[in-house]
Amino acid sequence: MPFKNITLGEFIIENQEQFKFAEGELSRLMNSITLAAKVVNHEVNKAGLVDILGASGDVNIQGETQQKLDIFANTVFINTLKRRDIVCGFASEEEDDFVIVSDNDGGFDHKYVVLIDPLDGSSNIDVNVSVGTIFSIYRRVSPVGTPVILKDFLQKGRNQVAAGYIVYGTSTMLVYTTGHGVNGFTLNPALGSYYLSHPNMKFPEMGSVYSVNEGNYVHFPQGVKDYIKYCQREEEDRPYTLRYIGSLVSDFHRNMIKGGIYIYPTSTKAPKGKLRLLYECNPMAFLAEQANGKASDGYQAILDIEPTELHQRVPFFVGSIKMVEKAEEFMTLYKE
Ligand code: AHG
Ligand code: MN
Ligand code: MN
């Protein structure tokens with residue numbers, strides 16, 4: 001195989017025709033996302049130093065108040081994207097309501113809305129374990145020339161024009177799709193450039209890892225309990241291995257590479273599940289389907305759910321197609 005050294009910028013230009021909207025728009029969106037990701041990456045990398053550098057604890061060396069990293073990441077992503085003259089509105093896990101890009105910032109004339117989970121798995125920060133950022137991009141449905149409205153954000157996952165995540169792991173990677181497969185790029189920190197390291201990523205049809213917070217077992221619905229017992233039963237290819245990082249991005253990333261299923265079900269403690277449809281499940285579901293995987297709420301495709309509210313939660317089953325189908329079989333047995 002010839003040696004290839006393709007940067008993200010080159011890859012976007014080469015594949016521009018796959019983004020069915022105006023030329024240059026995808027590069028602007030992706031450039032601003034990757035730039036913001038570099039800033040967040042830098043901050044995440046020195047998280048352990050914050051107390052040392054911040055001296056008194058809540059004021060940093062520039063005299064600014066230290067913010068929690070998820071608020072920091074939120075601000076960096078929104079501000080960076082705003083400057084690129086392409087986004088008309090944001091919705092974020094960290095904002096109560098959606099954010100309108102004002103007419104002064106040209107927002108009324110822009111066409112895209114961005115939905116983000118700026119820092120996913122943020123409880124892992126304190127213990128030096130991988131975290132991520134998840135993003136999802138739609139074209140607005142309200143007319144250009146007006147401020148964005150709620151309807152622009154409450155679109156079915158099927159309408160996404162691009163989605164992806166950044167994993168701040170042992171290396172920093174960007175993984176994204178525009179509906180033509182999934183590609184992964186690794187940041188070379190010395191050069192500040194992302195290189196195509198994982199072309200055309202696919203979930204193996206079948207895997208041997210299940211990822212679920214099994215500590216909540218007693219609170220799970222019967223279908224999930226039975227599926228977990230199925231994973232643990234001794235058979236030719238079982239028991240499966242349990243791996244749970246506690247950051248959806250990282251668990252998903254591992255399962256896509258090695259094969260596996262991630263489950264965050266409903267429970268008596270969280271009757272609608274924990275994960276958010278718009279910021280977490282839809283973008284991951286788009287990636288999963290583009291990578292030959294499957295994403296479900298236990299009964300139906302995540303991407304077909306009509307959202308009714310911004311911070312809506314859903315149960316989430318995502319991963320290797322055969323494993324998600326098997327979990328759905330168990331769920332269906334107990335469907336009310
Ligand atoms: P966030 O940090 O954005 O709130 O998301 C955390 C999510 C998800 O990434 C992770 O898999 C899950 O919550 C972990 O929840 P539990 O600690 O309940 O298992
Ligand atoms: Mn999250
Ligand atoms: Mn988050």
Side-chain angles (χ1 to χ4, degrees), residues 33 36-37 39-41 43-44 47 67-78 90-96 98-99 114-136 157 163-169 173 175 209-221 224-225 228 242-256 260-288 293 295-297 302 310-319 324 327:
I33 286 171
V39 177
V40 171
N41 181 50
E43 208 62 21
V44 165
Q67 288 179 313
K68 277 182 69 185
L69 267 175
D70 31 20
I71 306 294
F72 174 85
N74 186 50
T75 312
V76 170
F77 272 93
I78 292 184
F90 299 92
S92 161
E93 202 185 76
E94 299 299 335
E95 304 279 347
D96 294 343
F98 63 87
V99 177
V114 175
L115 293 80
I116 48 169
D117 176 357
L119 211 61
D120 174 69
S122 48
S123 65
N124 281 342
I125 284 275
D126 293 344
V127 290
N128 207 354
V129 174
S130 299
V131 290
T133 295
I134 310 174
F135 61 90
S136 162
Y165 60 81
I166 295 108
V167 55
Y168 312 100
M173 269 190 79
V175 174
V209 169
Y210 72 109
S211 318
V212 60
N213 186 342
E214 216 175 305
N216 291 328
Y217 184 87
V218 290
H219 301 292
F220 287 161
V224 174
K225 284 182 173 164
I228 290 176
L242 169 65
R243 288 278 183 275
Y244 190 69
I245 298 171
S247 151
L248 166 64
V249 167
S250 316
D251 281 309
F252 179 101
H253 187 71
R254 182 205 52 245
N255 288 347
M256 180 158 61
I261 182 171
Y262 171 98
I263 304 176
Y264 209 108
T266 57
S267 71
T268 43
K269 283 198 300 189
K272 293 186 171 157
K274 175 183 184 189
L275 301 183
R276 318 277 184 147
L277 174 61
L278 300 186
Y279 319 116
E280 293 169 317
C281 303
N282 270 337
M284 293 316 229
F286 188 22
L287 287 162
S296 155
D297 68 356
I302 289 287
L310 272 185
H311 297 301
Q312 188 168 339
R313 296 175 196 270
V314 277
F316 196 38
F317 298 69
V318 67
V324 176

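In this text, all values refer to a predicted model and were calculated from it rather than measured experimentally. Note that these values count all heavy atoms, side chains included, but never hydrogens, waters or copies made by symmetry. Whatever order the structure lists ligands and atoms in, that order sets their numbers, starting from 1.
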* Describe, in one word, how the ring planes of Tyr244 and Tyr262 are oriented to each other, choosing from parallel (under 30°), tilted (30 to 60°) and perpendicular (over 60°). => parallel
* To do: Mind checking ring-ring contact (aromatic ring centres under 6.0 Å, His included) for Phe135 and listing every partner two or more places apart, or none if nothing turns up?
  => none
* To do: Walk me through it: do Phe90 and Phe77 pass the test ring pair (Phe, Tyr, Trp, His ring centres under 6.0 Å)?
  => CA-CA 10 Å; Phe90 299 92; Phe77 272 93; 9.8 Å; no
* Between Ser267 and Asn216: side-chain donor-acceptor atoms closer than 3.5 Å -> no
* Determine, step by step, whether Val175 and Met256 satisfy the side-chain contact (heavy atoms from CB on, under 4.5 Å) criterion, reporting the C-alpha distance in whole Å, the side-chain angles of both residues, the deciding distance to 0.1 Å, and the verdict. => CA-CA 11 Å; Val175 174; Met256 180 158 61; 4.0 Å; yes
* Structure fact -> Sorted by chain and number, protein N/O/S atoms nearer to the Mn ion (ligand 2) than 2.8 Å are Asp117 OD2, Asp120 OD1, Glu280 OE2
* Is a donor on one side and an acceptor on the other found under 3.5 Å between the side chain of Asp120 and the backbone of Leu248? -> yes
* To do: Report yes or no: does Asp70 contribute a side-chain atom to a donor-acceptor pair with the main-chain N or O of Leu119 at less than 3.5 Å?
  => no
* When rounded to the nearest 0.5 angstrom, what is the spacing between CD1 in Ile116 and CD in Glu95? -> 8.0 Å
* Structure fact -> Residue set satisfying salt bridge (Lys or Arg N to Asp or Glu O under 4.0 Å) with Arg254, at least two apart, ordered chain then number -> Asp251
* **Under 4.0 Å from ligand 1, counting heavy atoms only: the protein residues, by chain and number** => Glu93, Asp117, Leu119, Asp120, Gly121, Ser122, Asn213, Tyr244, Gly246, Ser247, Leu248, Tyr262, Tyr264, Lys274, Leu275, Glu280
